[in-house]
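The structure appears right after this line, and notes come after that.
The first residue in the sequence is number 1, and the count goes up from there.
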Amino acid sequence: MNEPTSVLSSKERVSSACFERGAEDPPSGQPPAVIIVGPPWPRSGTARVIQNQINYYRELGYFTVFIAVPFEWYFIPAAQDSREMVAGLNELGADRMFMATLDQKIYTAAKFKASIRQACLGTALDWRVALAKAARLNDEHVVFLRRLRTVLFHVNHVYTIGFTLNLRRRLFDDGLALPIMLETHDVQSQLLQEKGERNPWTRRPDRFERLIKSEIALLEKANVLIHLSVDDFKLFQALMPSKPQFLAFPAIDEHFISSVNGAAPPAESIDLLFVGQSHFANLDAMKWFFDQVW
């Protein structure tokens, strides 16, 4: 594959109420289902991409389930009152939405197991994957998922691949290896290095060479990779030439555009408005814009 190929169209407290809604029996005459896995980041750039995925599959007639999987320590206190998070994730429009849980006991056990498995030679990227892998999905949700006619796992971010592999084994005791399509959302090795993320075992930032080695080993576990930028596509295609890979540019949901355009204008005029998360890459981009362009 020499040229980028677009495969997706541009349309493309965990409360008891959420559990009860999610634990209902699948509808009769169940259509084929797609299980979409990603981080619990409501109202974010990643969430908009996942929303496009859900819309894409639903338009094709698939039953969709989104599973939010935590892989950072700060999700532990956030889970104490996650009503707003649940509300934001429900806005993505999946037929069902479940949240895996991560508490202090699971966190401590995950670090112990990861230290033994990695022999303290793992990277900061491996640590996030280990945390996501340790996250727990309610047994009722697993029972619900087993009743579905699942045909595909669509994974967002390399960090959730370990969780997905465990879930696939848990759902299909007969060893049925349903395909896994993984959407990379940036080169995570580069982001961790630029951020100066500390390795939990060495207490120092990892070298890029170690990070990318870990990332490639994890990405190899997926059947197909999807990238959101040309640079990401070219980098991974060069490093993993035998892996099927595609390019799909993210698009803004049309309903979101309509809601923004229909909002009441501010009392004061605004020359420039930036809407986004307080992500370090966004901050660097704004700094570049004002220093080099404005």
Is the centre of the [X] ring less than 6.0 Å from the centre of the [Y] ring?
X      : Y      : answer
His185 : Trp41  : no
His227 : Phe246 : no
Tyr56  : Tyr62  : no

Has the side chain of [X] got a donor or acceptor atom that lies under 3.5 Å from a matching backbone atom of [Y]?
X      : Y      : value
Gln245 : Met240 : yes
Lys243 : Glu220 : yes
Arg96  : Phe66  : no
Asp126 : Thr123 : yes
Arg136 : Thr101 : no
Thr202 : Arg204 : yes
Asn223 : Ile180 : yes
Ser44  : Ala47  : yes
Asn138 : Glu140 : yes

Kindly confirm or rule out a cation-pi arrangement of Arg128 over Tyr159, judged by NZ or CZ under 6.0 Å from the six-membered ring centre and within 45° of its axis?
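Cation-pi check for Arg128 and Tyr159: passes.
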List the steps, then state whether side-chain contact (heavy atoms from CB on, under 4.5 Å) holds for Val129 with Phe71.
CA-CA 7 Å; Val129 173; Phe71 51 79; over 6 Å; no
Could you tell me the separation between the [atom1] atom of [X] and the [atom2] atom of [Y], rounded to the nearest 0.5 Å?
X      : Y      : atom1 : atom2 : value
Asn199 : Leu211 : CG    : CG    : 8.5 Å
Thr64  : Ile54  : OG1   : CD1   : 5.5 Å
Ile161 : Leu218 : CD1   : CG    : 8.0 Å
Arg207 : Lys213 : CZ    : NZ    : 10.0 Å

Would a single hydrophobic cluster contain both Leu191 and Leu283, if residues Ile, Leu, Val, Met, Phe, Trp and Tyr are joined by side-chain heavy-atom contacts under 4.5 Å?
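No; Leu191 is not reachable from Leu283 via cluster members.
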Would a hydrophobic clustering, with Ile, Leu, Val, Met, Phe, Trp and Tyr connected at side-chain separations under 4.5 Å, put Leu171 with Val143?
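They do not share one cluster, since no chain of ILVMFWY contacts under 4.5 Å joins Leu171 to Val143.
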With a 4.0 Å cut-off, would you call Asp139 and Arg170 a salt bridge?
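Yes, charged N to carboxylate O under 4.0 Å.
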Whether Asp95 and Arg58 form a salt bridge (side-chain N of Lys/Arg under 4.0 Å from carboxylate O of Asp/Glu) is what I want to check.
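Yes, charged N to carboxylate O under 4.0 Å.
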Note, [X] side chain near [Y] side chain (heavy atom, < 4.5 Å):
X      : Y      : answer
Val34  : Phe63  : no
Phe236 : Ile212 : yes
His154 : Val37  : no
Asp284 : Trp288 : no
Val65  : Leu148 : yes
His157 : Thr46  : yes
Val155 : Met181 : no
Gln190 : Leu235 : yes

Steps toward side-chain contact (heavy atoms from CB on, under 4.5 Å) verdict (Tyr57, Ile36)
CA-CA 10 Å; Tyr57 288 121; Ile36 302 170; 4.0 Å; yes
Identify the two heavy atoms, one from [X] and one from [Y], that lie closest to each other, and give their separation to 0.1 Å.
X      : Y      : result
Ala132 : Thr160 : CB-CA, 4.4 Å
Pro40  : Ala68  : CB-CB, 3.8 Å
Ser189 : Phe208 : CB-CE1, 3.7 Å
Arg149 : Pro32  : NH2-CD, 3.2 Å
Leu145 : Thr150 : O-OG1, 4.2 Å
Ala238 : Pro241 : O-CD, 3.8 Å

Name all residues meeting the ring-ring contact (aromatic ring centres under 6.0 Å, His included) criterion together with Phe289; count only those two or more places apart in sequence or in a different chain, and write none if there are none.
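ring-ring contact (aromatic ring centres under 6.0 Å, His included) check on Phe289 returns Trp294.
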With Phe153 via ring-ring contact (aromatic ring centres under 6.0 Å, His included) - residues at least two apart
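Applying ring-ring contact (aromatic ring centres under 6.0 Å, His included) to Phe153 gives none.
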So, [X] and [Y]: side-chain donor and acceptor under 3.5 Å apart, yes or no?
X      : Y      : answer
Glu183 : Gln53  : yes
Asn166 : Arg169 : yes
Asp232 : Thr184 : no

Show your working on side-chain contact (heavy atoms from CB on, under 4.5 Å) between Ile226 and Leu247 and close with a plain yes or no.
CA-CA 6 Å; Ile226 297 178; Leu247 176 67; over 6 Å; no
Check the pair Arg168, Thr164 against side-chain contact (heavy atoms from CB on, under 4.5 Å), reporting the backbone distance first and the verdict last.
CA-CA 6 Å; Arg168 186 173 67 175; Thr164 304; 5.5 Å; no
